[in-house]
Amino acid sequence: MAKKRKNESGGANVIRIGNKTISLEGYLTKKPKKDESKNEGQLTLPTTDFRPEAGDLSSVKETVTSVDNTPPTSRKPTGDPQYFQARQALPLWSRQDDIRRILRQNDVLVLVGETGSGKSTQVPQFIIGEKWCQKKKVKVGQEEVNVGGVVAITQPRRVAATTLAHRVSREAGTPLNRLGPHSKGLVGYSVRFDHRVPPGTKIKYVTEGMLLQELLRDPHLRQYSAIIVDEIHERSVDVDLLSGFLKQIILSDKAGRGGIPLKVIIMSATANVGSIKHFFSGADSAVSDGTANPEATPMTSVEFLQIEGRQFPVEIIHTPKPVPDIQEALMKTLFKIHTEESLSDKHGKKDILAFLTGQEEIEAAQKLIEEYATTLPPKVPKIKVFPLYGQLSMEAQHEAFQPIKGSSTRKIVLATNIAETSVTVPGVRFVVDCGKAKVKQYRARLGMESLLAKPISKSSAIQRAGRAGREGPGKCFRLYTEETYETLQKTDLPEILRTDILSAILTMKARGINDVLAFPLMDPPEFEAVEKALLHLHILGAIADDGSITEVGRKMVMFPVTPPYARVLLAAADPKYDCLLEVIEIISCITAGDDIFLQIQSEETRDNIEEFRKELRRREGDLLTYLTTMQLYTAENADRVQWCKERRINTRNMKQALNIRKQLRELCVKQGMMEQPPQDPQPFYPASPEQAANILKCFLRGFAIKTALLAPDSSYVTPQGKHVVAIHPASVLHGQKKEAIMFLEHVYTQKNYAKKVSAIESLWIVEAMGG
DNA sequence: ACCGCGATG
């Protein structure tokens with residue numbers, strides 16, 4: 001049994017697990033000073049870490065009895081001494097022996113640790129010295145190859161991969177930013193547009209997409225001894241695919257790795273990992289990659305470890321009865337908090353964060369609050385409201401994070417989901433949760449997506465509540481009843497069940513998965529979604545009649561864009577159309593992020609901005625307008641930032657578009673699809689009507705199924721499903737009548753909207769379908 | 001007359 005006790009001789013604090021004694025000195029003496037005052041909700045000693053009740057620690061109990069040969073000296077940190085204290089104070093530090101032992105005995109470890117436990121920075125450093133983690137020379141067939149030696153850690157976002165790599169490289173004593181061009185380093189990273197992998201790298205931070213890309217070249221991931229999958233709870237499509245490929249490698253006979261196993265560490269911030277554990281155990285599903293022997297379906301033992309995080313307690317208050325009017329309930333709750341709760345305490349300011357569904361709701365609420373606030377008696381503290389949603393400019397978003405000037409004013413932040421995971425608003429001690437969020441869902445049958453407000457999941461509700469307990473004890477007011485809470489889904493639907501899986505299926509096909517229905521996935525999409533994707537890939541020419549990937553399909557996966565865009569690029573390289581440079585401009589601009597044209601906020605600037613935007617507009621529609629914008633932007637040599645400002649164009653996305661353009665151009669040159677393009681800036685020549693037609697015909701090769709014809713009643717109707725679509729108000733073609741239209745996006749919100757719309761001729765559709 | 005949020009190769 002695991003026991004904890006304090007050393008009474010007055011010296012170092014120790015805990016005793018079985019016959020082993022672990023010093024807790026690091027925790028007690030190296031704790032940051034500011035933590036000493038925080039007694040509520042934070043234990044000076046993370047006692048819960050050592051209690052079997054804290055989680056399923058059956059594996060740890062085993063440790064207790066097994067012999068651990070780790071010499072005590074190995075628990076001293078390696079690397080730069082200036083980081084020793086901070087590293088030893090991390091909740092994870094005392095568990096490193098457990099982690100090492102589990103990985104010696106098992107191929108898979110599921111590690112749950114909340115943000116701040118140190119898992120993303122420490123786990124790789126704990127294991128790179130292990131014997132199984134060293135590079136080995138082995139025979140694969142006739143060939144002598146190296147297997148292992150490197151640990152990869154995947155991240156959903158680029159910024160996380162690069163910042164973690166910088167942090168860990170400093171801890172390891174080989175800082176990335178101080179390495180010369182040829183000097184060695186222990187730590188590296190590889191993300192799109194940015195690679196820093198010094199010779200000698202043993203720890204490599206990568207984005208999930210990057211590792212999937214490596215899988216194309218090296219299906220056995222031979223350079224790696226271990227893959228650490230971080231933030232798996234976010235359940236991106238890429239992490240789901242990656243998990244499938246990793247499972248296949250784990251359960252295979254490892255012949256492609258010379259018999260050397262690949263260790264997998266799955267890391268999650270939420271404890272809800274039952275299905276993930278089950279998935280990797282391989283208990284229920286045989287792997288059908290055509291090589292595994294079905295009679296000897298291997299089983300893998302999956303160990304589990306939980307590290308407690310740090311969080312202040314949050315009191316949850318539900319409404320006693322269902323609220324008929326969210327707006328009214330929100331107002332009542334906000335002013336109840338404001339008038340009854342103190343403005344600050346010893347932990348700091350006590351501000352309010354309210355989760356609403358969208359921009360419209362936020363703007364309406366802001367107006368109401370500001371009106372009502374003027375009626376408050378003078379002795380009541382002032383209120384300042386900050387909206388926070390993604391479409392806001394960076395400066396406006398930034399305002400919501402700044403502490404308010406003057407101590408007699410309370411901040412109320414009205415946010416969308418952006419505040420749930422992407423950003424942290426400091427100073428928040430009260431959360432108001434409306435219980436809903438807008439969710440995007442792809443409907444395979446209709447070939448379109450919807451964006452509607454839906455009830456959130458329990459996991460999401462807990463996450464929202466947690467935002468009140470970051471800096472001190474907090475309260476969360478839910479504008480729904482406890483009964484309603486109980487009816488919520490446990491978790492959100494993973495992205496793979498909410499999105500078009502066209503890319504995912506082609507990704508599988510290109511990596512040797514012919515029977516995509518048998519590919520192991522934690523949450524397999526419905527058959528209809530798979531069927532739809534296969535059919536679509538067939539229309540695009542990416543797969544043959546028998547479902548095998550074609551030459552066209554293999555070319556398509558080379559491009560970092562979805563299959564329809566890749567098909568457009570291939571068409572544009574055809575001498576018949578010869579408009580690859582122009583098509584690259586448009587695709588770069590579209591795939592760089594949100595619409596580059598920002599919304600015009602105030603009426604008084606509207607006319608002015610419209611005047612500037614007029615020269616960008618093309619009567620052919622949005623795609624040619626994007627082309628003109630990119631061409632004029634790159635021709636602009638004086639002040640691009642000012643140029644964007646005058647037109648209210650998103651500068652960040654324009655810069656990203658230039659990155660993508662560079663990458664696509666390089667790929668096309670490498671593929672022999674075009675000559676080296678001339679350098680910027682190039683003089684601007686507007687595309688002729690003939691060129692415009694060619695460009696649109698190329699797009700039709702990728703988007704022939706996204707067209708609509710003008711009906712006698714002036715509505716647009718899709719030829720296949722006979723669905724009525726309306727041109728979105730943000731399109732330059734909004735309100736116009738054209739014989740036929742092509743649209744790249746198709747979203748149901750208030751109506752069935754076509755976005756990124758172009759005017760075409762109906763004959764072109766037949767042409768594009770025909771071949 | 002519209003507008004959840006992120007991201008990736």
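Numbered from 1 within each chain, the chains take letters A, B, ... in sequence-line order.
- Salt bridge K614(A)/E611(A): present, at least one basic N to carboxylate O contact under 4.0 Å.
- Nearer to the 5' terminus of DNA chain B, by closest-nucleotide assignment, is the contact made by Q391(A) (compared with the other of Q391(A) and T591(A)).
- The nearest whole Å value for the distance from the CG atom in D238(A) to the C1' atom in dA7(B) is 9 Å.
- Across all strands, V237(A) comes closer than 4.0 Å to no nucleic acid atom at all (heavy-atom distances).
- For the pair R613(A) and F597(A), the cation-pi criterion (under 6.0 Å, within 45° of the ring axis) is not fulfilled.
- The side chain to side chain donor-acceptor pair (under 3.5 Å) search around S457(A) returns D492(A), not counting sequence neighbours.
- Distance Y205(A) OH to dA7(B) C1': 20 Å, rounded to the nearest Å.
- OP1 or OP2 of dC2(B) sits under 4.0 Å from a side-chain N or O of Y753(A).
- Atom CZ of R652(A) and atom P of dC5(B) are 12 Å apart (whole Å).
- For T207(A) and dT8(B), the shortest distance from a side-chain N or O to OP1 or OP2 is not below 4.0 Å.
- Looking at residues two or more places apart in sequence or on another chain, you find no side chain to side chain contact (heavy atoms under 4.5 Å, CB included) involving P219(A).
- Rounded to an integer number of Å, the gap from D240(A) CG to dA7(B) C1' is 14 Å.
- Residues satisfying the ring pair (Phe, Tyr, Trp, His ring centres under 6.0 Å) criterion with F743(A), sequence neighbours excluded, are H746(A).
- Each of dC2(B), dG4(B), dC5(B) was ranked by its minimum atom distance to the side chain of I418(A); first place goes to dC5(B).
- One atom, CD of E234(A), and another, P of dC5(B), lie 17 Å apart when rounded to the nearest Å.
- For R157(A), the listed nucleotide lying nearest its side chain is dG6(B); candidates were dC2(B), dG4(B), dG6(B).
- Among residues at least two apart or in separate chains, side-chain hydrogen bond (donor to acceptor under 3.5 Å, both in side chains) pairs with a member in residues 151-168 of chain A are Q155(A)-D230(A), R157(A)-E234(A), R167(A)-E171(A).
- Between T749(A) and V557(A), the residue anchored closer to the 5' end of DNA chain B is T749(A), taking for each the nucleotide with the nearest heavy atom.
- Every residue meeting the ring pair (Phe, Tyr, Trp, His ring centres under 6.0 Å) condition with Y753(A), not counting sequence neighbours, appears here in chain and number order: H728(A).
- As judged by a 4.0 angstrom heavy-atom cut-off over every strand, E449(A) is placed among residues making no nucleic acid contact.
- Heavy atoms of K440(A) sit under 4.0 angstrom from at least one base atom.
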Side-chain polar contacts of residues 551-568 of chain A - donor-acceptor pairs under 3.5 angstrom, sequence neighbours left out - could you list them?
{"from": "R567(A)", "atom 1": "NE", "to": "L540(A)", "atom 2": "O", "distance (Å)": "3.0"}

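- In the region residues 211-219 of chain A, proximity to DNA chain B at under 4.0 angstrom, judged on heavy atoms, holds for Q213(A).
- Considering only side-chain atoms of R158(A), the nucleotide from dT8(B), dA1(B), dC3(B) that sits closest is dT8(B).
- Taking 4.0 Å as the cut-off between side-chain N and carboxylate O, K411(A) and E399(A) do not count as a salt-bridged pair.
- Distance, L664(A) CG to dT8(B) C1': 13 Å, rounded to whole Å.
- Sorted by residue number, the list of members of residues 361-370 of chain A with any non-hydrogen atom under 4.0 Å from DNA chain B is empty.
- Residues satisfying the ring pair (Phe, Tyr, Trp, His ring centres under 6.0 Å) criterion with F245(A), sequence neighbours excluded, are F519(A).
- A straight line from CG of N417(A) to P of dA7(B) spans 14 Å, rounded to a whole angstrom.
- Atom CG in L392(A) sits about 11 Å away from atom C1' in dC3(B), given to the nearest Å.
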